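Keep in mind that what you see is a predicted model, and the values were worked out from it rather than measured.
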Amino acid sequence: MWSRRHSRLKTPACGMEELRCRRREREAALRKARREQQLVSKRLLREDAPEEAGGQSAAVLLGEAEVQQFLRLAQRGTDEKEREKALVSLRRGLQHPETQQTFIRLEGSMRTLVGLLTSNRALLQLEAARCLHELSHSEQPAVAEACLPATSYLLTYLSAHSSDFIELCLYTLGNLIVESEAVRKQLLAQGVVPALAACIQSPHVAVLEALGYALSQLLQAKEAPEKIIPSLLDSSLPQHMLRLMQPGPKLNLGVAVEFAWCLHYIICSQVNNAMLLTLGALPTLAMLLLDLAGAVQRMDDEGLELLACPVLRCLSNLLTEVPVEATGEQMEFRDERVVAALFILLQFFLQKQPTLLPEGLWLLNNLTANSPTFCTSLLSLDLIEPLLQLLPLSNVISVLVLTVLCNVVEKGPAYCQRLWPGPLLSCLLKTLVLSDTEVLGQSLELLQLLFLYQPEAAQAFLQQSGLQALERHQEEAQLQDRILALQQTAIHG
């Protein structure tokens, strides 16, 4: 969903329109790939005793007879303590994949477990729910589908009094949602969206975080754009999600991370992003970006990258929905604060989370794509040199940096004059010795734009043996037309 840079050049140059078409196709492919990147996962809540904290090491393989025995004791034990102990033993066994398979093969096993889940004994209910939670963590779709009879009760218990019980039900539902379309279909028929919407006003942080997880799992389903997101947008969830992402002393990092990913999947669906803009999603995200930069400056950055990634993606994607003339108004920050905050984060990523540099640069690309205001901020804050320093890091980053610079240069002669003279040309000459076709292609385009508006740069390019640097790439079919166009622009102006 990354923004497409529209051409603004009045004067045609040889091969320029073809270059732009290629770039638009390339960026469209990148946007599609970014939309399809998902974070489907499963989470496991375990509150075993310290000696069992090893997770899988505490799992016990149970045979069919043992599973039947524990179910029988849980159902008809002499007292509640014995029944609870039997369920605890069964739960530990269900941590083992083979025991899970044994359990779902046994006739009546799920019916018995659901009966215990719906009993009037709170401790038995809780242990039965924990057994279901272990089953929900299975990687086998058949196990998830075996849990279908329990889903309506799990939804009902989202209105229970115990926040711990609600949290457990939410994580169990979130796990089940991943594995099976049949489970999702039944949950939708049972009213999963209204049930989740009712949870979002909970005062308990753990419940809100679990809700965000379950919702993010649901939003990643292949049928989400048609069958899930429209009903979600009709609920109260979007405005409450944005409320929980508002910067301030009440902001909880875990909750904000979960709902930022939810917002990302909603935006990527492109079902009704205009509604999100109306609700103020863009200024909320921009304020959150400033808050993240402030946290970096205060050295209060633990876990910051977890929130930064979805926030950057949400901002980048939403910017493609805003008309060019309304970008500044939507962002509510026409000054330089957004660009300055983004560069603070880029410096942080460079030092601690380099994998997030492309996310920050994509946002910078979309900020500068159609907005002269943000291009001006880039220049007035003297951020071109820090941007150029990122060029050698990787081919992916080089392409993004060069794309941002193209955004600036194509705004016209006044912007080129701010870049020339300067380090830009010497940096571009260095990229011409690289072998990556994407980097070279973007460098050639930037040079051609620069020469068109700043003829002196073309003369300097010739004097610094720029054409000779291109000769080594003459045989590369993908670059031949671009090299020829650049040579003509440099020599003939």
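Residues Pro372 and Tyr415 share a closest heavy-atom pair of CB-OH, 3.2 Å. Heavy atoms only, all atoms of each residue included: Leu208 and Phe259 are closest at O-CE1, 3.6 Å. Nearest approach of Asp291 to Leu251, heavy atoms of both residues: OD2-CD2, 4.1 Å. In this structure, Glu302 and Leu253 approach most closely via the heavy-atom pair O-CD2, 3.9 Å. Residues Pro225 and Lys222 approach most closely at CD-O, 3.6 Å, considering heavy atoms. Closest heavy-atom contact between Ser231 and Val193: OG-CG2, 3.7 Å.
Between the Asn272 side chain and the Met275 main chain, a donor and an acceptor come within less than 3.5 Å of each other. Formation of a donor-acceptor pair under 3.5 Å by the Ser202 side chain with backbone atoms of Cys199 is not found in this model. The main-chain N or O of Ser316 is found under 3.5 Å from a side-chain atom of Asn366 such that the two form a donor-acceptor pair. A side-chain donor-acceptor contact under 3.5 Å links Lys411 to the backbone of Thr368. Of the possible donor and acceptor atoms, none in the side chain of Ser138 sits under 3.5 Å from a partner among the backbone N and O of Leu135.
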Would you sort out whether Gln100 and Gln140 count as a side-chain contact (heavy atoms from CB on, under 4.5 Å), showing the intermediate values? CA-CA 9 Å; Gln100 293 172 355; Gln140 299 299 319; 6.0 Å; no

Under the salt bridge (Lys or Arg N to Asp or Glu O under 4.0 Å) rule, what do Arg313 and Glu359 come out as? Steps first, then yes or no, please. CA-CA 7 Å; Arg313 289 191 183 188; Glu359 304 289 350; 3.0 Å; yes

Give the intermediate values and the outcome of side-chain contact (heavy atoms from CB on, under 4.5 Å) for residues Leu289 and Leu363. CA-CA 11 Å; Leu289 185 76; Leu363 175 55; 4.3 Å; yes

Would you check, one step at a time, whether the test side-chain contact (heavy atoms from CB on, under 4.5 Å) holds for Leu211 with Ile200? CA-CA 7 Å; Leu211 170 63; Ile200 202 166; 3.6 Å; yes

Evaluate the side-chain hydrogen bond (donor to acceptor under 3.5 Å, both in side chains) criterion for residues Tyr213 and Glu258: first the C-alpha distance (whole Å), next the side-chain angles of each, then the deciding distance (0.1 Å), finally the verdict. CA-CA 6 Å; Tyr213 165 73; Glu258 297 297 346; over 6 Å; no

Test side-chain contact (heavy atoms from CB on, under 4.5 Å) on Val271 and Glu226 and set out the steps. CA-CA 8 Å; Val271 171; Glu226 294 80 25; over 6 Å; no

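For Ser398, the side chain to side chain donor-acceptor pair (under 3.5 Å) test picks out no residue, with sequence neighbours left out. Every residue two or more places apart in sequence or in another chain that forms a side chain to side chain donor-acceptor pair (under 3.5 Å) with Thr151 is listed here: Gln186, Gln190. In terms of the side-chain contact (heavy atoms from CB on, under 4.5 Å) criterion, Lys185 has no residue partners (sequence neighbours excluded). Applying the side chain to side chain donor-acceptor pair (under 3.5 Å) criterion to Ser235, with sequence neighbours excluded, gives no partner residue. Every residue meeting the side chain to side chain donor-acceptor pair (under 3.5 Å) condition with Glu223, not counting sequence neighbours, appears here in chain and number order: Arg184.
Leu440 is not listed as a side-chain neighbour of Asp436, based on a closest heavy-atom distance of 4.5 Å or more. Looking at heavy atoms from C-beta onward, Leu367 lies in side-chain contact with Val338 at the 4.5 angstrom threshold. Counting heavy atoms from C-beta on, the side chains of Leu452 and Val409 never come closer than 4.5 Å. Counting heavy atoms from C-beta outward, Val404 and Leu378 have side chains that approach closer than 4.5 Å. Proximity of Arg418 to Ser380: side-chain heavy atoms (C-beta onward) are separated by under 4.5 Å at one or more points. Contact annotation: the side chain of Gln201 approaches that of His240 to within less than 4.5 Å [non-hydrogen atoms, C-beta and beyond]. A 4.5 Å side-chain heavy-atom check between Val399 and Leu402 finds every atom pair outside the cut-off. Looking only at side-chain heavy atoms (C-beta outward), Phe349 and Thr355 stay at 4.5 Å or farther from each other.
Rounding to the nearest 0.5 angstrom, the gap separating the CG atom in Leu215 from the CG atom in Leu173 is 12.0 Å. Rounded to the nearest 0.5 Å, atoms CD (Glu305) and CG (Leu312) are 12.0 Å apart. How far CG of Leu276 is from CG of Leu242: 7.0 Å, rounded to the nearest 0.5 Å. Annotation: the span from Leu244 atom CG to Leu263 atom CG amounts to 12.0 Å, rounded to 0.5 Å. Here the SG atom belonging to Cys147 is positioned 11.5 Å from the NE2 atom belonging to His133, to the nearest 0.5 angstrom. In this structure, CD in Gln347 is found 9.0 Å from CG in Leu357, a value given to the nearest 0.5 Å.
Within 6.0 Å of the CD atom in Gln351, the count of heavy atoms belonging to other residues, nucleotides or ligands exceeds 12.
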When the side chains of residues 383-396 are checked against the rest of the protein, which donor-acceptor pairs come out under 3.5 Å, sequence neighbours left out?
| unit_1 | atom_1 | unit_2 | atom_2 | d |
| --- | --- | --- | --- | --- |
| Ser394 | OG | Ile397 | N | 3.1 |

